[in-house]
Participant: 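Here you go, one structure.
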Amino acid sequence: MKKIEIKTQITIFGSTEELPTIVNDLMNRAIEAKQNAYAPYSKFKVGAAMLLEDGTIITGNNQENAAYPSGICAERVAVWKVSSEFPNKKILKLAISASSSSQILTKPVAPCGACRQTLSEYEIKQKDNIEVYFMGEEGEIIKTESVLDLLPIAFNNTFL
Ligand code: THU
């Protein structure tokens, strides 16, 4: 028997003003993308923006459905847009912002488990890490260097 400690390192920025300009611009695109979220049921809007290696920015937002499980998160809309339109372009950075109609979200809103799994597929495929930055509506931003920092001991294609 052995015990192993798994550590994840995060960087916390106090506000968007502390972000490097390129990330601040990307976060602004995520914030903008929230406006087109279709979230009539949860009233919880999420925007995601991905910076590709050639400078292209692709955005996504959550799209809900009256049959609740048929809806989809912002991060998966964004990554599937990238993979379907630019399958060979690497994703360098992902910025995420969320807003709720019931409270001002002042803490970073982390991507859900299903999105972490989906994003990890493309991070592994491109053989390069994707930096992830996430926030609520205002306040601190958390950065991880990689999707896999958010999903240790992940399921992946080596098991298949
Ligand atoms: N949502 C996202 O878009 N991304 C996440 O990582 C967490 C949750 C969406 C799904 C649903 O439309 C709403 O937020 C409430 O869960």
Side-chain angles (χ1 to χ4, degrees), residues 6 8-13 15-16 19 23-52 56-87 89-126 128-157:
I6 298 171
T8 294
Q9 197 180 52
I10 62 169
T11 305
I12 303 175
F13 297 88
S15 73
T16 50
L19 292 172
V23 179
N24 192 29
D25 291 349
L26 192 66
M27 188 59 84
N28 281 333
R29 293 292 299 274
I31 290 166
E32 208 178 283
K34 266 192 301 198
Q35 287 170 16
N36 289 337
Y38 176 63
Y41 306 107
S42 71
K43 300 191 168 41
F44 188 90
K45 295 186 167 193
V46 185
M50 292 184 157
L51 176 67
L52 309 189
T56 307
I57 291 177
I58 299 294
T59 62
N61 42 47
N62 52 326
Q63 298 293 321
E64 297 184 350
N65 193 284
Y68 294 170
S70 301
I72 198 72
C73 294
E75 297 88 330
R76 278 176 283 170
V77 169
V79 79
W80 286 333
K81 273 170 81 176
V82 172
S83 186
S84 58
E85 284 187 57
F86 308 107
K89 285 185 188 164
K90 288 186 183 183
I91 302 161
L92 305 183
K93 301 177 197 297
L94 162 62
I96 305 159
S97 172
S99 296
S100 166
S101 67
S102 59
Q103 57 171 318
I104 293 177
L105 301 170
T106 54
K107 294 203 176 100
V109 175
C112 79
C115 285
R116 296 178 197 202
Q117 181 65 40
T118 302
L119 292 165
S120 74
E121 179 77 23
Y122 297 98
E123 183 172 82
I124 292 165
K125 175 176 172 267
Q126 71 177 23
D128 254 322
N129 67 307
I130 301 171
E131 290 177 4
V132 184
Y133 298 80
F134 51 91
M135 66 180 294
E137 189 168 345
E138 57 183 48
E140 292 179 341
I141 297 101
I142 290 181
K143 173 195 178 187
T144 63
E145 298 296 331
S146 146
V147 173
L148 287 172
D149 284 338
L150 292 166
L151 191 68
I153 326 179
F155 183 82
N156 61 52
N157 62 10

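Atoms within a ligand are numbered from 1 in the order they appear, just like the ligands themselves. Being a predicted model, the structure only gives us computed values, none of them experimental.
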Participant: Among all protein heavy atoms, pick the one closest to atom 9 (C) of ligand 1 and tell me residue, atom and distance.
Facilitator: N62 ND2, 3.5 Å
Participant: Report the part of S42 (side chain from C-beta onward, or backbone N, CA, C, O) that has a heavy atom under 4.0 Å from ligand 1; answer both or neither where that applies.
Facilitator: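 The side chain, only.
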Participant: Please check if the side chain of K81 supplies one atom and the backbone of T59 the other of a donor-acceptor pair under 3.5 Å.
Facilitator: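 Indeed, once roles are kept as given, a pair shorter than 3.5 Å links the two residues.
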Participant: Please check: side-chain N/O of Q63 versus main-chain N/O of V77, any donor-acceptor pairing under 3.5 Å?
Facilitator: no
Participant: Just by modelled atom types, is the N24 backbone N or O under 3.5 Å from a matching donor or acceptor in the T16 side chain?
Facilitator: no
Participant: Touching ligand 1 at all, G71? Heavy atoms, strictly under 4.0 Å?
Facilitator: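 It does not; every heavy atom stays at 4.0 Å or beyond.
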Participant: If you measure from atom 14 (O) of ligand 1 to every heavy atom of Y41, Y38, F44, which option wins on shortest distance?
Facilitator: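 It is F44 whose heavy atom sits nearest to atom 14 (O) of ligand 1.
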Participant: If only atom types and distance count, is the side chain of E123 paired as donor or acceptor with the main-chain N or O of L148 below 3.5 Å?
Facilitator: yes
Participant: What I want to know is whether I72 and ligand 1 share at least one N or O pair that is separated by under 3.5 angstrom.
Facilitator: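 N/O-N/O distance under 3.5 Å: no.
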Participant: Among all protein heavy atoms in this structure, tell me which lies nearest to atom 12 (O) of ligand 1, with the distance rounded to 0.1 Å.
Facilitator: E64 OE2, 2.5 Å
Participant: Can you tell me the protein heavy atom closest to atom 4 (N) of ligand 1 and the distance?
Facilitator: E75 OE1, 2.8 Å
Participant: Looking only at atom types and distance, does a side-chain atom of N62 sit under 3.5 Å from a main-chain N or O of A37, one as donor and one as acceptor?
Facilitator: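 It does not hold such a pair.
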Participant: Counting distance only, does the side-chain N/O of S120 pair as donor-acceptor with the main-chain N or O of Q117 below 3.5 Å?
Facilitator: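 Answer holds: yes.
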Participant: Could you check whether any side-chain N or O of K143 sits under 3.5 Å from a backbone N or O of L19, counting only pairs where one atom can act as donor and the other as acceptor?
Facilitator: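 Pair absent, no side-chain N/O of K143 close to backbone of L19.
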Participant: Pick, from G47, C73, A48, the option with the minimum heavy-atom distance to atom 10 (C) of ligand 1.
Facilitator: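 Checking each option, the heavy atom nearest atom 10 (C) of ligand 1 is found in C73.
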Participant: Verify side-chain contact (heavy atoms from CB on, under 4.5 Å) between K34 and S97, making sure each step is shown before the conclusion.
Facilitator: CA-CA 8 Å; K34 266 192 301 198; S97 172; 2.8 Å; yes
Participant: Should C112 be counted as touching ligand 1, given the test is an N or O pair under 3.5 Å?
Facilitator: yes
Participant: Identify, for atom 3 (O) of ligand 1, the protein heavy atom at the shortest distance, and state residue, atom and that distance.
Facilitator: A74 N, 2.9 Å
Participant: Could you check if a side-chain atom of T118 sits within less than 4.5 angstrom of a side-chain atom of E75, using non-hydrogen atoms only?
Facilitator: no
Participant: Give a yes or no on whether atom 1 (N) of ligand 1 lies under 4.0 Å from any heavy atom of the protein.
Facilitator: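 Under 4.0 Å from atom 1 (N) of ligand 1, at least one protein heavy atom found.
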Participant: One residue to check: Q63. Relative to ligand 1, which of side chain, backbone, both or neither has a non-hydrogen atom less than 4.0 Å away?
Facilitator: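 No part of Q63 comes within reach of ligand 1.
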Participant: Suppose I only count heavy atoms of P111 and a 4.0 Å limit; which atoms of ligand 1 are within that range?
Facilitator: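 With P111 as reference, the close atoms of ligand 1 come out as 6 (O).
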